[in-house]
Amino acid sequence: MLDQTYPRNLRLLNSRDFRHVFDQTQWKVFCPGFLLLAAPGRTTETRIGFVFSKKNIRLAVRRNRFKRIFRDSFRRHHHQLPPVDILVLAIKEANLTNDQKLSKNLSRVWKQLNQRIGSDPI
RNA sequence: AAAGUCGGCUGGACAGUCGCUGCCGCUUCGGCGGGGGAGGAAAGUCCGGGCUCCGCAGGACAGAGUGCCAGGUAAUGCCUGGGGGACGUGAGUCUACGGAAAGUGCCGCAGAAAACAAACCGCCGAUGGCUGGCCUCUUCGGAUGUCAGAUCAGGUAAGGGUGAAAAGGUGCGGUAAGAGCGCACCGCACGGGUGGUAACACGCCGUGGCAGGGUAAACCCCACUCGGAGCAAGACCAAAUAGGAACCCUGAGGCGUGGUCCGCGCUGGGUUCGGGUAGGUUGCUUGAGCCUUGGAGUAAUUCAGGGCCUAGAGGAAUGACUGUUCACGACAGAACCCGGCUUACAGGCCGGCUUUCGCU
């Protein structure tokens, strides 16, 4: 049975975690509307965090929705990924995408991230 | 039935699988099970409170807000009822609704004139003058009277015309023509009376021929209200590092220089305490609460009895997928909590009332 849960230790929890990813960014992956930054993990787990500003996604409903789609996809795929810390940034084009497009893109995104890490190891 | 108007409700449903989260129970501390988990606007943050801290807010000035009356409320700029005004056949809707007789500013175009009024066209020309006819008188120059004409002085504001607005309207009298000039009725102002808690109303009485443009969401004047900051408020626990205080120990110590000693240079260790950063706990959901029955009140609301506990996260949960189904699903996500207002909103449902038409 694959581990598809999403407990607390798979999330970036405080500003130190976030600062770490920003300062130590080693891999980047684009996804329409979003930019993923990744850095070597500070723990033995693969972790994820979000920076969605009101400036880029105006409605709170849409911000929540995108996070949930990301989180759900992440909990299904995180077992494929090495222990890195991932940060998802929303950019202005996030307004142009929608739920279906995003969830479609995501399985490709994880694969792409895995390749980047494989070709440029820690 | 159609059109309209006012008010209220609702905001896909069901099942399965995989997740998240706080609560309860069990636990071999790995987890397992159970039952909770966004809104009518959670939104804008525009008002009013509770709560917390600063503080103790007395006066003056400034500033902001409110502005018909009564009631409701913890409170309000909100709500309910009432009054005035405007709109609509009507149900109803709208109303920032104190003061223009304290002062200042502004008022396009048109028009003769836009404010201690004035007089373009028009009307009149009684009165004073001018010209002519006639009567009477005559000192033969004229004088008096009367009639007519022109309209010089002048009178007038009814009519025309301009405008949103030009010193109230209609009628009769009056006059040279006119005019509140006089009178009647309507309107207006003031005083009184009656009704109403009051705003205010009156087919009531009296007095006065009669207020003198608009604009105060322009300045302003008047009356009333307002201490400041906000849950990142505030309270508690508290590493590591640096620094501080007190006490104790050492000062023949330790480190450096040096081959070693002397010498020279620099100062240490321990315990406790308070402040306090990261971080954690709390504030954090039982409340001006919801449902229901009955009473008071036109209503807002309130009183009494019974029942219920209904999100509480924290880089921030409430989601994803699959199937069935229907009217194919709008606006939109809690962040200390309430009461309002405002704005957004696919559909659907219910009720009151009005107008028109049809039937009995």
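Just so we're on the same page: letters track the sequence lines, and every chain starts at 1.
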Engineer: Now, which nucleotide makes the Watson-Crick or G-U wobble pair with G347(B), with each of the two distances under 3.5 Å?
Structural biologist: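 The base-pairing partner of G347(B), which may sit in any strand shown, is U10(B).
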Engineer: Scan residues 91-106 of chain A for pairs that pass side chain to side chain donor-acceptor pair (under 3.5 Å), counting only residues two or more places apart or in two chains.
Structural biologist: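 Listed by first then second residue: R65(A)-D99(A).
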Engineer: What N/O pairs connect the protein and nucleotides 332-336 of chain B at under 3.5 Å? Give each pair on its own line.
Structural biologist:
{"residue": "G333(B)", "atom": "OP2", "partner": "A60(A)", "partner atom": "N", "Å": "3.3"}
{"residue": "G333(B)", "atom": "OP2", "partner": "V61(A)", "partner atom": "N", "Å": "3.3"}
{"residue": "G333(B)", "atom": "N7", "partner": "N64(A)", "partner atom": "ND2", "Å": "3.3"}
{"residue": "G333(B)", "atom": "O6", "partner": "R68(A)", "partner atom": "NH1", "Å": "3.0"}

Engineer: Rounded to whole angstrom units, what separation is found between the CG atom of D72(A) and the C1' atom of C20(B)?
Structural biologist: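 In whole Å, C20(B) C1' and D72(A) CG are 10 Å from each other.
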Engineer: What is the distance, rounded to the nearest whole Å, between atom CZ of F52(A) and atom P of A316(B)?
Structural biologist: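 From F52(A) CZ to A316(B) P: 10 Å.
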Engineer: In whole angstrom, give the distance that lies between atom CZ of F50(A) and atom C1' of C20(B).
Structural biologist: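 That distance rounds to 13 Å.
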Engineer: G280(B) P sits how many Å from L13(A) CG, rounded?
Structural biologist: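 These atoms are roughly 9 Å apart.
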Engineer: Can you check U285(B) for me, syn or anti if syn means within 90° of 0?
Structural biologist: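 Chi for U285(B) falls in the syn range.
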Engineer: Searching all strands shown, indicate the nucleotide that pairs with A41(B) (Watson-Crick or G-U wobble; both distances under 3.5 Å).
Structural biologist: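 Partner of A41(B): none.
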Engineer: Determine which nucleotide pairs with C181(B), using a 3.5 Å limit on both distances of a Watson-Crick or G-U wobble pair.
Structural biologist: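 Paired with G173(B).
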Engineer: Need the glycosidic conformation of G72(B): syn if within 90° of 0, anti if not. Which one?
Structural biologist: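 Here the answer is anti: the torsion falls beyond 90° from 0.
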Engineer: Hey, which sits more toward the 5' end of RNA chain B by its nearest nucleotide, F18(A) or I69(A)?
Structural biologist: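 First, find each residue's nearest nucleotide; the 5'-ward one identifies F18(A).
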Engineer: Determine: side-chain N/O of R71(A) to OP1/OP2 of A317(B), distance under 4.0 Å, yes or no.
Structural biologist: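 Yes, within the criterion.
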